[in-house]
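We count ligands from 1, going down the list as the structure has it; atoms in each ligand are counted the same way.
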Amino acid sequence: MRMILMGPPGAGKGTQAARLVERYRIAHISTGEMLREAVAERTPLGEKAAACMKAGQLVPDDLVIPMAVERLSKPDCRAGFILDGFPRTGPQAKGLDAELKTHHLALDVVLVIDVRDELILERITGRRMDPATGTIYHIIFDPPPPEVAPRVVQRADDTAEAVSARLAKYYSVTALMIPFYQQKGLLRRVDGNGSPEQVTERIMAALP
Ligand code: ADP
Ligand code: ADP
């Protein structure tokens, strides 16, 4: 299974990807997670990306495309992969297409998780992550267990201001790729409103 997960920030891409990779035993490629690691490790890429990320802006294509292409060449991607948060721009989609063609590979599905804007802010501001395991929680909808709660962290870009910038970018840039994948016959849309379990069921039903 080679798949792209798209959707606004807070749609549940990371939450659903974690379930899907367990089921299909494929690689989970989150460009947001890779960039956050680069920022934490203060690599040259991280130094260049940090300010854009904090402000909720997209990191430039010339940094993100090579990073994603390199990740796709790793052996664990041979069994398949879920791209979570990539591609996010037209040039990224073209870069991905070219890379897959070079290796005679094709995508199976592009899955868009749609969530109402009103729900996004509460999902994002309540999001917490366990730095030890990478597990995503929510202070109300999916609280961390007591032994994990003291160590959970909030992302630097999960502020109300950065969320509105990210949401605007999603609709003005990223969502414009939807017709591109629709034309290729790869698009499936899933209603992301409802419990994580309900959304997982809808995704399973929508997969080819
Ligand atoms: P979310 O989970 O809110 O959708 P991500 O974790 O995927 O966010 O990404 C966090 C931030 O990292 C983005 O707001 C952006 O600054 C940067 N980023 C991640 N993926 C990309 C990408 N494909 N292109 C450009 N910037 C990206
Ligand atoms: P994304 O990767 O699309 O930005 P996440 O998977 O990180 O989204 O989810 C954002 C926040 O919302 C997290 O705190 C997560 O626990 C919570 N969440 C995810 N799916 C749901 C859902 N269906 N209902 C309620 N909260 C959810």
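- Side-chain atoms of Asp76 and Arg71, non-hydrogen and from C-beta on, do get closer than 4.5 Å to each other.
- Which parts of ligand 2 touch Tyr137 is read off a 4.0 Å heavy-atom cut-off, strictly below it: atoms 13 (C), 14 (O), 16 (O).
- Salt bridge Asp158/Arg166: present, at least one basic N to carboxylate O contact under 4.0 Å.
- We find that Glu22 and Arg19 are not joined by a salt bridge, their nearest charged nitrogen and carboxylate oxygen being 4.0 Å or further apart.
- The distance from ligand 2 to the heavy atoms of Phe141 drops below 4.0 Å at these ligand atoms: 25 (C), 26 (N).
- Near ligand 1, heavy-atom contacts under 4.0 Å come from Pro9, Lys13, Thr31, Gly32, Leu35, Arg36, Met53, Gln57, Leu58, Val59, Val64, Gly85, Phe86, Arg88, Gln92, Arg127, Arg155, Asp157, Arg166.
- Only the backbone of Ser195 comes within 4.0 Å of ligand 2, counting heavy atoms alone; no side-chain atom from C-beta on gets that close.
- In terms of hydrophobic clustering, with Ile, Leu, Val, Met, Phe, Trp and Tyr side chains grouped at heavy-atom distances under 4.5 Å, Met67 and Ile4 are assigned to a common cluster.
- Within the 4.5 Å cutoff, the side chain of Arg128 has no heavy atoms near those of the His138 side chain.
- Close contacts between ligand 2 and Gly194 involve ligand atoms 22 (C), 23 (N), 24 (N) [criterion: under 4.0 Å to a heavy atom].
- The ligand atoms of ligand 2 that sit less than 4.0 angstrom from a heavy atom of Pro196 are 21 (C), 22 (C), 23 (N), 24 (N).
- Annotation: the span from Gln92 atom CD to Thr89 atom OG1 amounts to 3.5 Å, rounded to 0.5 Å.
- When side chains are defined from C-beta on, Lys13 does not count as touching Ser30, because their heavy atoms never get closer than 4.5 Å.
- Remark: Glu99 does not engage Lys94 in a salt bridge, criterion side-chain N to carboxylate O under 4.0 Å.
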